[in-house]
Amino acid sequence: MGKIKNDKEYCPDEKRCLEYPRNCPECGSNSLVNDYSKGEIFCANCGLVIAEKLIDPGSERRAFDSEQAAKRIRTGASMTHRIHDKGLSTSPIKFFFGAKTGWQNRLRDAQRRTYTQTSSERSFVFALGEIDRMGSGLRLPECLKEDTAALYRKAMEKHLIRGRSIEGITTALLHIVCRQYGVSRSLKEVTEISRVGQKEINRARHFLLQKLDLKVSSASPIEFVPRFCSILNLSEETKSYTIEIIKRAIETGLTNGRDPTGTAAAAIYIAAFLNNEHRTQKVVASTCRVTEVTIRNRYKEISQGLQIDRYSSIKNSGQKNKKIRG
DNA sequence: AAGACGAAAGTGGTTGA
DNA sequence: TCAACAACTTTCGTCTT
């Protein structure tokens with residue numbers, strides 16, 4: 001085969017790496033061929049080798065169904081940030097079936113000793129455990145935990161962890177990623193499941209936002225509505241009604257500087273009341289993790305600001321005699 | 001009796017000097 | 001770093017349903 005023009009490694013994510021040209025750089029022909037038997041991409045016209053040492057990511061042999069394809073695949077699980085070495089190591093234990101013999105146990109122990117070598121690796125393993133524990137406790141999706149782990153790795157590479165509490169950093173990162181994903185978990189909720197206090201988390205959060213140059217928007221009360229309404233067993237109508245109230249409150253500037261969970265709680269309280277699904281302040285407060293006083297203060301502001309006691313503009317079907325006290 | 005209301009005092013976070 | 005401020009919480013007595 002001809003000259004080697006490009007010796008870049010094959011990108012395993014694509015059939016043909018995007019870095020490789022679509023046309024032959026020598027003759028301009030577009031008849032480039034992937035030859036997996038030789039591990040090369042070459043031009044069928046002039047014979048120039050565009051790339052070599054390609055890895056065939058496909059199955060070992062022909063497969064006639066998805067089950068066979070899965071069995072015959074030659075690659076392992078995808079890389080993940082949630083394992084300290086991105087899941088690239090392997091364990092001899094996996095390949096031993098039944099009772100372990102002496103040499104198998106010795107091999108396993110030796111492998112465990114080499115699993116984490118440095119103290120930073122060990123603390124990283126601990127941090128990943130914390131991310132997994134808190135993520136599961138907060139019922140967060142796997143992708144969110146993955147991103148948190150990736151951010152922790154980034155912070156570690158920038159030497160931002162040393163001298164700070166791992167729990168504080170992991171909790172702060174988890175909350176930051178929640179905000180980036182628009183997942184409604186208040187700082188209070190995240191703090192409840194963390195092993196450190198809110199003060200420590202807040203400090204770490206400010207530090208990381210600054211050092212990692214991250215931007216997170218402040219939480220909107222609307223984000224909390226679906227989850228709170230679900231816990232309170234409220235109807236879809238009440239939920240959309242709550243969102244309508246909040247949208248109008250935001251437009252009117254009634255939510256400025258206010259705790260979004262307090263605003264959400266008050267809007268839920270009002271909407272449920274007006275929609276004949278009344279929930280007591282006590283129940284709404286405990287669900288939304290605010291006090292009854294906060295609900296009272298917020299709903300007083302909202303009901304006055306939006307004139308909800310007249311509420312014909314918000315809801316106008318057959319409930320005109322109802323009025324919330326206050 | 002339960003739920004709602006409002007006042008007062010205390011707490012912790014934010015902001016600007 | 002610190003004081004001032006606004007938001008929020010806790011507590012408690014009172015009122016309403």
Side-chain angles (χ1 to χ4, degrees), chain A residues 163-165 167-169 171-176 178-179 184-225 227-229 231-234 238 241-242 245-246 248-311 319-326:
Chain A
R164 289 166 201 282
S165 94
E167 291 96 332
I169 296 284
T171 314
L173 285 174
L174 204 62
H175 186 252
I176 289 169
C178 279
R179 294 293 334 115
S184 59
R185 296 295 182 279
S186 65
L187 194 59
K188 200 184 284 181
E189 285 174 276
V190 178
T191 306
E192 277 172 14
I193 207 148
S194 174
R195 297 185 208 270
V196 290
Q198 191 167 325
K199 202 171 183 178
E200 173 86 32
I201 297 164
N202 244 331
R203 198 162 36 204
R205 189 170 168 274
H206 280 289
F207 173 75
L208 290 164
L209 286 173
Q210 197 180 18
K211 296 289 179 183
L212 293 174
D213 195 27
L214 297 168
K215 301 274 186 294
V216 289
S217 57
S218 53
S220 165
I222 295 171
E223 290 173 22
F224 296 91
V225 173
R227 190 158 53 93
F228 290 160
C229 283
I231 296 168
L232 290 165
N233 203 20
L234 293 168
T238 302
Y241 194 6
T242 306
I245 291 171
I246 294 174
R248 289 192 54 201
I250 292 170
E251 283 168 15
T252 324
L254 292 167
T255 61
N256 292 346
R258 301 288 193 263
D259 177 6
T261 51
T263 305
I268 288 170
Y269 177 75
I270 296 168
F273 186 91
L274 296 179
N275 210 31
N276 289 326
E277 291 185 287
H278 182 54
R279 300 288 183 275
T280 64
Q281 291 179 357
K282 197 175 178 179
V283 170
V284 177
S286 69
T287 303
C288 303
R289 289 179 171 79
V290 292
T291 62
E292 296 166 54
V293 180
T294 303
I295 292 182
R296 283 201 287 273
N297 292 338
R298 285 301 84 73
Y299 102 61
K300 203 171 166 185
E301 288 169 5
I302 292 171
S303 58
Q304 282 173 359
L306 302 182
Q307 298 180 312
I308 285 185
D309 54 325
R310 293 180 206 159
Y311 72 85
Q319 296 186 35
K320 295 204 172 184
N321 295 325
K322 196 178 287 178
K323 183 175 176 176
I324 293 179
R325 279 168 62 189

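Hydrogens, waters and symmetry mates play no part in the numbers below; they use all other heavy atoms, side chains included. Proteins come first, then strands; the chains are lettered A, B, ... in the order of their sequence lines, and each starts at number 1.
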Handout entry: Rounded interatomic separation in angstrom, taking CG from Asn256(A) and P from dA7(C)
Key = 10 Å
Exercise for the section: Using a cut-off of strictly less than 4.0 Å, decide whether Lys300(A) has a side-chain nitrogen or oxygen near OP1 or OP2 of dG6(B). Expected result: yes
Handout entry: Candidates dG13(B), dA4(B), dA7(B) - which lies nearest the side chain of Asn202(A)
Key = dG13(B)
Problem - Rounded distance in Å - NE2 (His206(A)) to C1' (dT15(B)) - result: 12 Å
Exercise for the section: Just call it for Gly257(A): base, sugar-phosphate, or nothing, with non-hydrogen atoms closer than 4.0 Å on any strand. Expected result: sugar-phosphate
Exercise for the section: Ignoring hydrogens and angles, tell me if any N or O in the side chain of Ser194(A) forms a donor-acceptor pair with the backbone of Val190(A) under 3.5 Å. Expected result: no
Problem - Value in whole Å for how far the P atom of dG6(B) lies from CD of Glu301(A) - result: 13 Å
Practice task
Could you tell me the separation between the CD atom of Gln281(A) and the C1' atom of dA4(B), rounded to a whole number of Å?
Solution key: 6 Å
Problem - Presence of Arg296(A) side-chain N/O under 4.0 Å of dC5(B) phosphate oxygens OP1/OP2 - result: no
Handout entry: Trace of the side chain to side chain donor-acceptor pair (under 3.5 Å) decision for Ser220(A) with Glu223(A)
Key = CA-CA 6 Å; Ser220(A) 165; Glu223(A) 290 173 22; 5.2 Å; no
Completion exercise
Scanning all shown strands, the Watson-Crick or wobble mate of dT11(B) with both distances under 3.5 Å is dA7(C)
Handout entry: Rounded distance (Å) that lies between atom P of dA4(B) and atom CG of Asn297(A)
Key = 15 Å
Practice task
May I ask you to say what Thr291(A) touches in the nucleic acid, namely base, sugar-phosphate or nothing, with a heavy-atom cut-off under 4.0 Å?
Solution key: base
Practice task
Look only at the side chain of Arg279(A) and the backbone of Leu232(A), and say whether a donor-acceptor pair between them is shorter than 3.5 Å.
Solution key: yes
Problem - Integer-rounded Å distance: dT16(C) P and Phe273(A) CZ - result: 16 Å
Exercise for the section: Take Thr280(A) and Arg205(A), find for each the nucleotide of DNA chain B with the closest heavy atom, and name the residue whose nucleotide sits nearer the 5' end. Expected result: Thr280(A)
Handout entry: Value in whole Å for how far the C1' atom of dA7(C) lies from NZ of Lys188(A)
Key = 11 Å
Practice task
For the pair Phe273(A) and Tyr269(A), name the ring-plane relationship: parallel under 30°, tilted 30 to 60°, perpendicular over 60°.
Solution key: tilted
Handout entry: OP1 or OP2 of dA4(B) under 4.0 Å from side-chain N/O of His278(A)
Key = yes
Handout entry: Nucleotide dA7(C), atom C1' - distance to CZ of Arg298(A) in whole Å
Key = 7 Å
Practice task
Using atom types as modelled and distance alone, determine if a side-chain donor or acceptor of Asn275(A) lies under 3.5 Å from a backbone N or O of Glu277(A).
Solution key: no
Practice task
Respond yes when some side-chain nitrogen or oxygen of Tyr299(A) is under 4.0 Å from OP1 or OP2 of dA4(B), and no when none is.
Solution key: no
